[in-house]
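Any value given below was found using the heavy atoms of this structure, including those in side chains, with hydrogens, waters and symmetry copies removed.
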Amino acid sequence: MHRHELFIANAENIIAESNRKGTYLLFYFDITNFESVNQIYGLRAGDRLLQEVEEELNAFPDVVLCDRIFSDHFLSLAIFDDPISPKTIMNEYRERARTFLGRQEKYFPNCRLKVSCGICPVEDGDILTAMDEANVARKESKKQGSSHAVWFDRSMQEYLEKRYEKEKEINLAMRERRLCFYLQPKVNIKTGEILGAEALVRGIARNGQIVGPGYFLPIMESEGSIIDLDFMVCEQVCEHMALRREKKLPIVCTSVNLSRLHLYEEDTAERLHEIVSSYDIPPEYIEFELTENIFLREFDSAKRLLNRLRGYGYKVSIDDFGSGYSGINIWQEMDFDVLKLDRSFLDEDEEHRQRNEALLPNLVDISNRLNITVLCEGVETKSQCRYLLKIGCNIAQGFLFSKPVPADDFYDHYETSGGKYPSVVDSPSDKKENQDDKTEPESINIGVVFKNKQALFSIICGLCLLVLFVTVIFFQYRHFADGSFSVMAERLLTSFTTGQESSSAVDMDDVIFILEDYSQSMVIHSLVATGMVVLAVVLFAILFVWLFVRTQRELEYEKKQYELLAEFYDTVLFQYDIKRDKIRFSPNAKEIFRLRDLQQKDFIKNLSEKYIFPADRDILMGAL
C-alpha cells in the first residue's frame with residue numbers, strides 16, 4: 001500500500017470513529033527548493049529538515065493526523081470545533097510558517113526555503129477528493145512563489161473536472177493496452193554501431209493517433225498508476241524480445257524507465273525480475289533507468305532499489321544527469337553502470353556553453369575513471385558528436401540518428417543496416433566542416449617540405465654538391481677535349497712535316513685515321529661525362545625523394561600528435577625544446593589559457609614576462 005493510501009485509510013477511520021461534529025480540514029504541504037538543501041548541505045541535513053517539518057505540523061492545534069506521503073510532501077488532517085473562516089486559518093498558517101522558516105534560515109542561509117500549502121474542507125468524509133483539491137490549491141500556492149496558503153474554491157473545479165476526464169481516458173487506455181513502447185537507438189559515435197535502445201512510452205488514441213507522454217505521465221504519477229505502467233512497459237519489452245528470440249532474430253539491450261514512486265514499494269526489484277524471468281530474457285538485455293532527482297529526494301531508498309536490481313544482474317543507469325542538482329555523492333556511494341547526460345549540456349546559449357565546456361569534460365573523465373559508461377542524450381548535429389568524442393564520450397542518443405520509432409521499425413532498420421548507422425565523423429561530406437573544427441597540419445606538398453628548415457638545409461647542400469659535381473665534370477671534359485685536340489694537331493703536323501722531309505705527299509689515310517681516332521675518343525669521353533651528369537642528377541633526385549618521404553612521415557606523425565592532443569580537451573600539453581628554448585602548446589591552450597601563440601621562442605629567457613604565476617617559476621625552471 002502506498003503511503004498516501006495509508007494516510008487516506010487512517011484519516012477515513014478517524015472521521016468514522018470520531019464523535020466530534022466540527023469542521024475537518026485537509027492540509028497539503030510541499031517544501032519549495034528542498035533539493036537545494038540536499039545539494040548544498042547534504043542528505044543528513046535534508047533528513048533533519050524533513051523531521052523538523054513533520055514535528056512542526058504535528059504541533060499545529062487541532063491536528064489529528066500527519067504523515068509524509070513521499071519526498072518533501074506532507075498531508076495533515078485537522079478538526080475544528082468552533083466555526084472557522086478561511087482567512088483566519090490562512091493567517092495563522094502564514095505566521096507559523098514565517099516563524100518556522102526564520103528558525104531554519106540560520107541552518108540553511110544559502111537556500112531560499114518556502115512552504116507551499118493547499119487547504120480544503122473534507123466533505124462527507126471523502127478524503128480522496130479532498131486530497132486532490134488540496135493538491136490543486138498547493139500547486140496554486142507554489143505558483144505564487146510565497147509561503148502563503150491557498151484555500152481551494154470552486155473556481156478551481158474546472159481544472160479538476162478536466163483532470164478526472166483525463167484520468168478516466170488514461171485508465172481506459174491502460175485496460176485496452178493502448179499504451180505501448182517505442183524504441184530510440186543508443187549509438188557508438190565512432191563506428192555507428194547500435195549498442196542498445198531505450199523504451200519510451202507512447203499512447204494510442206481511439207482514432208489511431210499517437211499521443212506523447214506529456215499528456216498522461218504527470219497525471220499517472222500524481223495518482224500512482226505510473227507504477228503499473230512501468231511494469232506493463234517492462235512486460236511488453238520482454239514479450240517482444242521473447243518473440244524475436246523464438247524466431248532466432250537479433251535483440252539489443254533495452255532500457256526501461258522507473259518512476260520515483262517505485263522507491264516506496266519494497267518489492268519493486270523482485271516484481272521486475274519476475275517479469276523478465278517469466279519470458280526467459282537474460283538480465284544483460286535489460287537495463288533500468290532512474291532519474292537523477294530520485295537520488296536527491298530519496299537517496300537511501302534509491303540506493304536499495306539500485307543495489308537489488310544490480311544484484312539480479314541488470315544494468316542500472318542514472319537518467320537526465322545534470323537536469324537537477326547533481327551531487328558528488330552519486331559517484332561516492334552509488335554503484336551504477338551508465339551515466340546519461342542531460343541534453344542541457346549541449347545548450348548552444350553562450351553563457352551555458354562556456355560553463356558546460358568547463359564542467360562536462362571533468363564529469364566524463366570522472367565517469368571513465370570509475371568504469372562508468374557515459375551516454376549523452378539529445379544529440380542532433382554532427383558537430384555535437386565530434387565535441388563529445390573529443391571529451392571522451394563515445395555513445396549518443398538523439399534525433400541525429402533516429403527519433404523514437406515502433407519496435408518493429410527499429411529492428412527492421414537494425415537488420416537491413418547490419419546493426420549500424422553511417423559514421424557521422426570524418427565522412428567526406430564533413431571534410432570541410434572538420435577542417436573548421438580542429439587544427440591540423442598543412443597539406444603535404446613541396447611548399448611544406450621547404451618550410452622544414454632541416455629539409456631545406458639538406459636540399460641546398462645537395463644542390464651545391466650537384467653544381468660542384470657538374471662543374472668538375474665540365475672542366476675535366478674541357479681539359480680532355482683541349483688535350484685531345486692538341487695531340488691530334490701535333491700528330492697531323494708531324495705527318496705533314498715528315499711528308500715534306502721525305503718529299504712525298506701526305507698520306508690521307510693517316511690523316512683520316514687520326515681524325516677517326518680523335519672522334520672515337522671524344523665520343524667515349526662525352527658518354528662518360530654525360531653518364532656522370534646523369535648519375536649526379538639521379539643521386540640528387542634520390543636525396544630529394546628521401547627528404548620528401550621523411551618530411552611526409554614527420555608530418556603524419558605530427559598529425560597523430562594533434563589528434564592525440566585533441567582528446568585531452570581539458571588538459572593543456574606542451575613540448576619544450578631545451579636547445580632552442582622553444583615551447584609549443586596543444587591547440588586547446590588558446591581557449592583555456594587565452595594564448596595567442598601556441599609556439600613561443602626564448603621561453604625561459606623571457607620567463608619573467610610570461611603569464612606563469614611568480615611562485616611557480618622556480619618549479620617550472622627546475623622541471624624544464
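Scored by the ring-ring contact (aromatic ring centres under 6.0 Å, His included) test, His262 finds Phe231 as partners (sequence neighbours excluded).
A cation-pi arrangement is found for Arg48 relative to Tyr107, the charged atom lying closer than 6.0 Å to the ring centre and inside a 45° cone about the ring normal.
Looking only at side-chain heavy atoms (C-beta outward), Leu25 and Leu77 stay at 4.5 Å or farther from each other. Contact annotation: the side chain of Pro86 never approaches that of Ile119 to less than 4.5 Å [non-hydrogen atoms, C-beta and beyond]. Looking at Pro185 and Gln397, their side chains never come closer than 4.5 Å, going by heavy atoms from C-beta outward. You'll find the side chain of Val201 reaches within 4.5 Å of the side chain of Phe216, heavy atoms only. For the pair Ser116 and Phe29, the minimum side-chain heavy-atom distance is 4.5 Å or more. Taking 4.5 Å as the limit, every side-chain heavy atom of Ser76 sits out of range of all side-chain heavy atoms of Phe60. The side-chain heavy atoms of Leu388 and Val379, taken from C-beta on, include a pair separated by under 4.5 Å. Looking at Leu75 and Asp67, their side chains never come closer than 4.5 Å, going by heavy atoms from C-beta outward.
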Next on the checklist: Before you tell me yes or no, could you show the steps for Tyr28 and His73 under ring pair (Phe, Tyr, Trp, His ring centres under 6.0 Å), namely the whole-Å CA-CA distance, both residues' side-chain angles and the distance that decides it to 0.1 Å?
Outcome noted: CA-CA 7 Å; Tyr28 198 130; His73 289 225; 5.8 Å; yes

Checklist entry - Taking it one step at a time, do Ser18 and Tyr24 satisfy side chain to side chain donor-acceptor pair (under 3.5 Å)? => result CA-CA 11 Å; Ser18 175; Tyr24 290 84; 3.2 Å; yes

Checklist entry - Can you list the steps and then say if His148 with Tyr93 is a ring pair (Phe, Tyr, Trp, His ring centres under 6.0 Å)? => result CA-CA 8 Å; His148 296 174; Tyr93 161 80; 8.8 Å; no

Checklist entry - Stepwise, does the salt bridge (charged side-chain N to carboxylate O under 4.0 Å, His left out) test hold for Glu265 with Arg271? => result CA-CA 10 Å; Glu265 302 292 321; Arg271 289 184 62 184; 5.5 Å; no

Item to check | Derivation of the side chain to side chain contact (heavy atoms under 4.5 Å, CB included) call for Val364 and Leu341 | outcome: CA-CA 9 Å; Val364 174; Leu341 301 172; 4.2 Å; yes

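In this structure, CD1 in Ile227 is found 5.0 Å from CG in Leu261, a value given to the nearest 0.5 Å. Atom CD of Glu5 and atom CD1 of Ile69 lie 11.0 Å apart (nearest 0.5 Å). Rounding to the nearest 0.5 Å gives a distance of 6.0 Å between CG of Leu128 and CG of Asp126. To the nearest 0.5 Å, atom CG of residue Asp280 and atom CD of residue Glu246 are 10.0 Å apart. Distance check, rounded to the nearest 0.5 Å: CZ of Phe80 to OG1 of Thr23 gives 8.5 Å. Atom CD1 of Ile210 is separated from atom OH of Tyr215 by 14.5 Å, given to the nearest 0.5 angstrom.
With Asn135 contributing its side chain and Met131 its backbone, the two residues share no donor-acceptor pair below 3.5 Å. The closest donor-acceptor contact from the side chain of Asn368 to the backbone of Leu363 lies at 3.5 Å or more, if one exists at all. Here the side chain of Gln384 pairs a donor or acceptor atom with the backbone of Thr381 at under 3.5 angstrom. Side-chain atoms of Asn207 come within 3.5 Å of backbone atoms of Gln209 as a donor-acceptor pair (strictly under, hydrogens ignored). At least one donor-acceptor pair closer than 3.5 Å links the side chain of Asp230 to the backbone N or O of Ser259. In this structure, the side chain of Asp365 does not engage the main chain of Pro361 through any donor-acceptor pair within 3.5 Å. A donor-acceptor pair is defined here as one N or O able to donate and one able to accept, closer than 3.5 Å; such a pair exists between the side chain of Asp337 and the backbone of Val316. Gln236 places a side-chain N or O within donor-acceptor distance of the main-chain N or O of Leu179, the cut-off being under 3.5 Å.
At a threshold of 4.0 Å, the pair Lys315-Glu289 does not count as salt-bridged, since none of the basic side-chain nitrogens sits closer than that to a carboxylate oxygen. Checked for salt-bridge contact, Glu95 and Arg98 meet the test: a charged N lies under 4.0 Å from a carboxylate O. We find that Glu415 and Arg244 are joined by a salt bridge, their nearest charged nitrogen and carboxylate oxygen being less than 4.0 Å apart. Between Asp300 and Arg304, none of the side-chain N atoms (NZ, or NE/NH1/NH2) sits under 4.0 Å from a carboxylate O, so this pair counts as no salt bridge. At a threshold of 4.0 Å, the pair Glu377-Lys340 counts as salt-bridged, since one of the basic side-chain nitrogens sits closer than that to a carboxylate oxygen. One finds a salt bridge joining Asp30 and Lys142 here, because a Lys/Arg side-chain nitrogen approaches an Asp/Glu carboxylate oxygen to under 4.0 Å. Between Lys303 and Asp335, none of the side-chain N atoms (NZ, or NE/NH1/NH2) sits under 4.0 Å from a carboxylate O, so this pair counts as no salt bridge. The pair Arg103-Glu56 meets the salt-bridge criterion, with a side-chain N (NZ, NE, NH1 or NH2) lying under 4.0 Å from an Asp/Glu carboxylate O. Contact check on Arg206 versus Glu176 returns a salt bridge, with a Lys/Arg side-chain nitrogen under 4.0 Å from an Asp/Glu carboxylate oxygen. We find that Glu266 and Arg308 are joined by a salt bridge, their nearest charged nitrogen and carboxylate oxygen being less than 4.0 Å apart.
For CD of Glu274, the number of neighbouring non-hydrogen atoms (other residues, nucleotides, ligands) closer than 6.0 Å is 12 at most.
Just one of Lys186, Glu287, Glu198 meets the side chain to side chain donor-acceptor pair (under 3.5 Å) condition when paired with Ser255; it is Lys186.
In plain terms, the two heavy atoms of Asp342 and Asp320 that are nearest each other are OD1-OD1, 3.7 Å.
Side-chain contact annotation: Asn307 with Arg310, donor-acceptor N/O pair under 3.5 Å absent. In this structure, a donor-acceptor pair under 3.5 Å is absent between the side chains of Glu284 and Tyr314.
Taking the six-membered ring for Trp and thresholds of 30 and 60 degrees, His273 and Tyr312 have nearly parallel ring planes, at less than 30 degrees apart.
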Got a list of side-chain donor-acceptor pairs under 3.5 Å for residues 402-412, not counting sequence neighbours?
from   : atom 1 : to     : atom 2 : distance (Å)
Asp408 : OD1    : His240 : NE2    : 3.0
Tyr411 : OH     : Val252 : N      : 3.1

